[in-house]
Colleague: 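If you scroll down you'll find the structure; I have some questions about it.
What you see is a predicted model, and the numbers here were worked out from it, not measured in a lab. Chain letters run A, B, ... following the sequence lines, proteins first, then strands; residues in each count from 1.
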Protein chains: 2
Amino acid sequence: MKLGNKVEWALHCMELLARVPANIYIPTQVLAKFHGIPKEYLSKAMQALAAARLIEGTLGPKGGYKLAKPSSQINLLDIVEAIEGRKKTFNCQEIRFNNPCLTKKPKKSDSICVVAKTMFEADQAWRRVLSEKKLSDLVVEVDGQVSAEVMKLSEDWINNEIT
Amino acid sequence: MKLGNKVEWALHCMELLARVPANIYIPTQVLAKFHGIPKEYLSKAMQALAAARLIEGTLGPKGGYKLAKPSSQINLLDIVEAIEGRKKTFNCQEIRFNNPCLTKKPKKSDSICVVAKTMFEADQAWRRVLSEKKLSDLVVEVDGQVSAEVMKLSEDWINNEIT
DNA sequence: GAGCTTCTACTCGGATACGCCCTGTCCGAGTCCGGCAGG
DNA sequence: CCTGCCGGACTCGGACAGGGCGTATCCGAGTAGAAGCTC
């Protein structure tokens, strides 16, 4: 039960995309260089984000990605699910129905297995925390952690790269 | 981000072990037949549970596994972690430190990355739900779901198998 | 100088290898029960 | 009949293949901008 690196990359890249004006496109190459990660593989994560309609891509010079929605309308669960998929962490195989002592055939309408029930509750608790954190919240938190000086330098660095 | 089948198997087997008297050993073969799952592979899960000191195994005829502690002292997180390991679901690679604009070398004592912080909070929420559910609670819930008739038949079936 | 055409260079997107971990299986070491012989 | 011994069968535990998914990489299709030519 481990999340891939693409999730971390996607979160940081989305946080960066949320900082630039809405009409500016950032290419994958710049995102990769800024974060020190392999560009080719990062593009896979960006493709997944685009497929989930969280970002939009454009070709050619001055191309790249931009947010498809305001950062206040995107939460972290959207991003994680775009990368990792929307399937639950626990998939119940209903092995309780393999009990050789069952007196009647089980139906799909039977109440949910109590083991799966608890696992699903845990899964929902995890998702709830992620869904309650908006991308815009993340931007504010980063602002509070990174010095204004570095923030300004980074902004200039990005602007220089995409020129 | 998906849990393996061994987790489900382990949970159901632990629930069953919690039902038998404390001095009775249930062999893997019986657990496997009762749940309709491959015995050889299930033994891997049982080995993991034994390594985590949740169950104890004995060799020879009348051998098998029994709980190492009362079911009220075992929670679902113990079981899941015994199978899946204790590592967090999200491992922060600190790619924020790859920013080419940093003015000073980052130290390990720096405050935690806000991205990782949220991911860890989600991870803890997941673990909290699991740790608050004791194995003895699970037994009670199963009692409320399975008919007394099937429960009795199952008990007799188990007793017959280990004789 | 302005507008159109062409060309280049840059982007995304999908198709393609590689490696690791989960899944599934097998066999050997160790041990406890049950039968058997002897007293 | 009781006791001690021995054999056998059953158990766990670790060692051994196969497959699927995540990781990493590459190349082609398409496009927007810039340069150059014509008017």
Side-chain angles (χ1 to χ4, degrees), chain A residues 1-10 13 17 23-33 35-66 68 80 82-85 87 89-91 93 95 161-163, chain B residues 1-10 13 17 23-33 35-66 68 80 82-85 87 89-91 93 95 161-163:
Chain A
M1 172 97 163
K2 205 170 70 72
L3 288 167
N5 293 333
K6 285 204 300 279
V7 173
E8 182 180 9
W9 300 353
C13 289
L17 288 179
N23 57 335
I24 298 293
Y25 289 83
I26 309 287
T28 304
Q29 174 143 17
V30 173
L31 293 170
K33 195 190 293 183
H35 292 113
I37 54 185
K39 160 203 151 192
E40 303 288 358
Y41 188 32
L42 172 61
S43 74
K44 294 279 286 182
M46 303 308 286
Q47 286 176 36
L49 292 171
R53 307 285 184 181
L54 298 179
I55 59 178
E56 291 171 357
T58 302
L59 298 180
K62 301 273 182 183
Y65 290 103
K66 73 175 182 70
V80 173
I83 304 294
E84 292 281 325
K87 304 193 72 171
T89 61
F90 181 84
N91 82 318
Q93 304 273 27
I95 65 173
E161 285 285 329
I162 64 178
T163 304
Chain B
M1 170 98 161
K2 207 171 69 73
L3 288 167
N5 293 333
K6 286 204 298 277
V7 173
E8 181 180 10
W9 301 352
C13 289
L17 288 179
N23 57 335
I24 298 293
Y25 289 84
I26 308 287
T28 304
Q29 173 142 17
V30 172
L31 293 170
K33 196 189 292 183
H35 292 112
I37 54 185
K39 161 202 151 193
E40 303 288 358
Y41 189 33
L42 172 62
S43 74
K44 294 278 286 182
M46 303 308 286
Q47 285 176 36
L49 292 171
R53 307 284 184 181
L54 298 179
I55 60 178
E56 291 172 356
T58 302
L59 298 181
K62 301 273 181 184
Y65 290 103
K66 73 175 181 69
V80 172
I83 304 295
E84 292 282 325
K87 304 192 72 170
T89 60
F90 182 83
N91 81 318
Q93 304 272 29
I95 65 172
E161 284 284 330
I162 65 177
T163 304

Colleague: So if I take residues 36-43 of chain A and measure heavy-atom distances to DNA chain C, which residues fall below 4.0 Å?
Modeller: none

Colleague: In whole Å, I'd like the distance from the NZ atom of A/Lys44 to the P atom of D/dC21.
Modeller: 14 Å

Colleague: Need one value for A/Tyr65: base, sugar-phosphate or nothing, where a base atom within 4.0 Å counts as base even if backbone is also close, heavy atoms only.
Modeller: sugar-phosphate

Colleague: Please list residues of residues 56-64 of chain A whose heavy atoms come under 4.0 Å from any atom in DNA chain C, ordered by number; otherwise none.
Modeller: A/Thr58, A/Leu59, A/Gly60, A/Gly64

Colleague: Starting at CE of A/Met1, measure out to OG1 of B/Thr89 and round the result to the nearest 0.5 Å.
Modeller: 5.5 Å

Colleague: What's the spacing between A/Met46 CE and A/Leu17 CG if we round to 0.5 Å?
Modeller: 5.0 Å

Colleague: For the pair made of CE in A/Met1 and C1' in D/dG22, what is the distance, rounded to whole Å?
Modeller: 16 Å

Colleague: D/dA24 C1' sits how many Å from A/Asn5 CG, rounded?
Modeller: 12 Å

Colleague: When rounded to the nearest 0.5 angstrom, what is the spacing between CD in B/Glu84 and NZ in A/Lys2?
Modeller: 12.0 Å

Colleague: Any side-chain N or O of B/Lys6 below 4.0 angstrom from OP1/OP2 of C/dC22?
Modeller: no

Colleague: Test of understanding: with side chain to side chain donor-acceptor pair (under 3.5 Å), list the residues that count as partners of A/Gln93, not counting sequence neighbours.
Modeller: B/Asn5

Colleague: Expressed in angstrom and rounded to an integer, what is the separation of A/Ile162 atom CD1 from C/dA9 atom P?
Modeller: 21 Å

Colleague: Of all residues at least two apart in sequence or in a different chain, which pass the side chain to side chain donor-acceptor pair (under 3.5 Å) check with B/Ser43?
Modeller: none

Colleague: Name all pairs fulfilling the side-chain hydrogen bond (donor to acceptor under 3.5 Å, both in side chains) condition that reach into residues 50-62 of chain B, sequence neighbours left out, sorted by first residue then second.
Modeller: B/Tyr25-B/Thr58, B/Glu56-B/Lys66

Colleague: Enumerate the ring pair (Phe, Tyr, Trp, His ring centres under 6.0 Å) contacts for residues 37-57 of chain A, please, sequence neighbours excluded, ordered by first and then second residue.
Modeller: A/Trp9-A/Tyr41

Colleague: Mind calculating the distance between CG (B/Asn91) and P (D/dT23) to the nearest angstrom?
Modeller: 10 Å

Colleague: For B/Trp9 and C/dT23, what is the distance between atoms CH2 and P respectively, to the nearest whole Å?
Modeller: 8 Å

Colleague: What's the CD-C1' distance between A/Gln29 and D/dC26, to the nearest Å?
Modeller: 15 Å

Colleague: Can you tell me how far P of D/dG13 sits from CG of B/Leu49, to the nearest Å?
Modeller: 11 Å

Colleague: Side chain to side chain contact (heavy atoms under 4.5 Å, CB included) with B/Ala48: which residues, sequence neighbours excluded?
Modeller: B/Ile83

Colleague: Can you see if the side chain of B/Gln47 gets near the phosphate of D/dC12 - specifically, an N or O under 4.0 Å from OP1 or OP2?
Modeller: no

Colleague: Please output the side-chain donor-acceptor pairs of residues 26-33 of chain A that fall under 3.5 Å, not counting sequence neighbours, one pair per line with the distance.
Modeller:
| from | atom 1 | to | atom 2 | distance (Å) |
| --- | --- | --- | --- | --- |
| A/Lys33 | NZ | A/Glu161 | OE1 | 3.3 |

